Protein chains: 2
Amino acid sequence: MKLGNMSVPGDCARISPILSRVGDKWATLVILVLSEGPKRYGVLRREIESISQRMLTVTLRALERDGLVSRRVLAEKNPPQVEYSLTELGESLIEPLFALCQWSALNVDEIERRRAAHDARAEGEEVG
Amino acid sequence: MKLGNMSVPGDCARISPILSRVGDKWATLVILVLSEGPKRYGVLRREIESISQRMLTVTLRALERDGLVSRRVLAEKNPPQVEYSLTELGESLIEPLFALCQWSALNVDEIERRRAAHDARAEGEEVG
DNA sequence: CGGGATCCTTTGCGATACTG
DNA sequence: CAGTATCGCAAAGGATCCCG
């Protein structure tokens, strides 16, 4: 495999930490939701129903640290308002991320079928 | 966001488990390495240096279960030989996965710079 | 060689409570 | 509203030993 001047497995040590970030379930979801535009903390929390407030904060901090997301304080005092948005770097990620999501959306049924079939087969072998 | 007839966050509950699989660090690396062609267990282990034999086995089983990888026993007896390869479904994944890797390869330096800058700033605030 | 089984440490993450 | 801090369980994953 060639990735520019990189190769797998040669430099997979270098890109795998980035893939960990990009591949992180919560980070992915946050980026996807923010691809619709800037959103406030509470909105993010409500739109990603399954996320806990702890993980949302942790994820946002990590994404901010990597320069993928930026944080703006709209109102310092009560009620405080904080808005999150994608940076340019973050926006450059949404295209390849969308591609992956589209693949997922397209193949989720197929994968679930295969999984069920595989499990059924395995159970049959147990008995026989 | 629109993904065919899906939307985030509406159906993110359905695609996020798939993203978990696809985004999984080990699974991703295995698929990338297998994109070069069928490989035997030991070869995979050597090419993905950082992986433990336990995680390689676990990952291969999971990918096989989802129908992304197929397992062929070449020689039953000693020494046993087992070959792993991508299924068609698995191969259909490498294009979007490559795109993501290329993004990673392209932006790993930038991200590391931003991370370092962010950490330096945070340390300065601690003191000041 | 290609694993399976077991142990044990580390990490992820939810729940809860508190704050400006 | 937008977090921070702490606790504690459950899952991830490395190390090691064993086997056909």
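All of these numbers come straight from a predicted model, not from anything done at the bench. Note on naming: letters A, B, ... go to the chains in the order of the sequence lines (proteins, then strands), and numbering restarts at 1 for each one.
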At under 4.0 Å between heavy atoms, which parts of nucleotides 7-20 of chain C does protein reach? Answer with one letter per nucleotide, 5' to 3': B base, S sugar-phosphate only, - none.
------BBBBB--B
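No donor-acceptor pair closer than 3.5 Å links the side chain of B/Y41 to the backbone N or O of B/Q81. With hydrogens and angles disregarded, a donor-acceptor distance shorter than 3.5 Å links the side chain of A/W103 to the backbone of B/S92. Panel note: side chain A/N107, backbone A/E110; no donor-acceptor pair is recorded below 3.5 Å.
Residues A/L106 and B/L93 are members of separate hydrophobic clusters, defined by side-chain heavy-atom contacts under 4.5 angstrom among Ile, Leu, Val, Met, Phe, Trp and Tyr.
Taking only side-chain nitrogens and oxygens, B/R71 never comes nearer than 4.0 Å to OP1 or OP2 of C/dG2. At D/dC1, none of the side-chain N or O atoms of A/R45 fall inside 4.0 Å of OP1 or OP2 (strictly under the cut-off). For the OP1/OP2 pair of C/dG4 and a distance below 4.0 Å, the side-chain nitrogens and oxygens of B/Y41 include no atom meeting the criterion.
In this structure, B/E83 places its CD atom 16 Å from P of C/dC1, rounding to the nearest Å. Put simply, CG on B/L60 is 11 Å from C1' on C/dG2, counting in whole angstrom units. Atom CG of B/L56 and atom C1' of C/dG4 are 14 Å apart (whole Å). Here C/dC1 presents its P atom at 15 Å from OH of B/Y84, a figure rounded to the nearest Å. Put simply, CZ on B/R72 is 17 Å from C1' on C/dC1, counting in whole angstrom units.
Donor-acceptor pairing under 3.5 Å is lacking for the side chains of A/S70 and A/T87.
Each of A/L89, A/D66, A/L68 was checked for a side chain to side chain contact (heavy atoms under 4.5 Å, CB included) with B/R114, and the lone residue meeting it is A/L89.
Residues B/E83 and B/R71 are not in side-chain contact: their nearest non-hydrogen atoms beyond the backbone lie 4.5 Å or more apart.
To the nearest 0.5 angstrom, A/R46 atom CZ is 11.5 Å from A/L56 atom CG. We find the CZ-CZ distance between B/R72 and B/R40 to be 12.0 Å, quoted to the nearest 0.5 Å.
Summary of helix geometry: the two end axes of the helix from C/dC1-D/dG20 to C/dG20-D/dC1, each defined by five base pairs via their C1' atoms, are inclined to each other by 40° (rounded to 10°).
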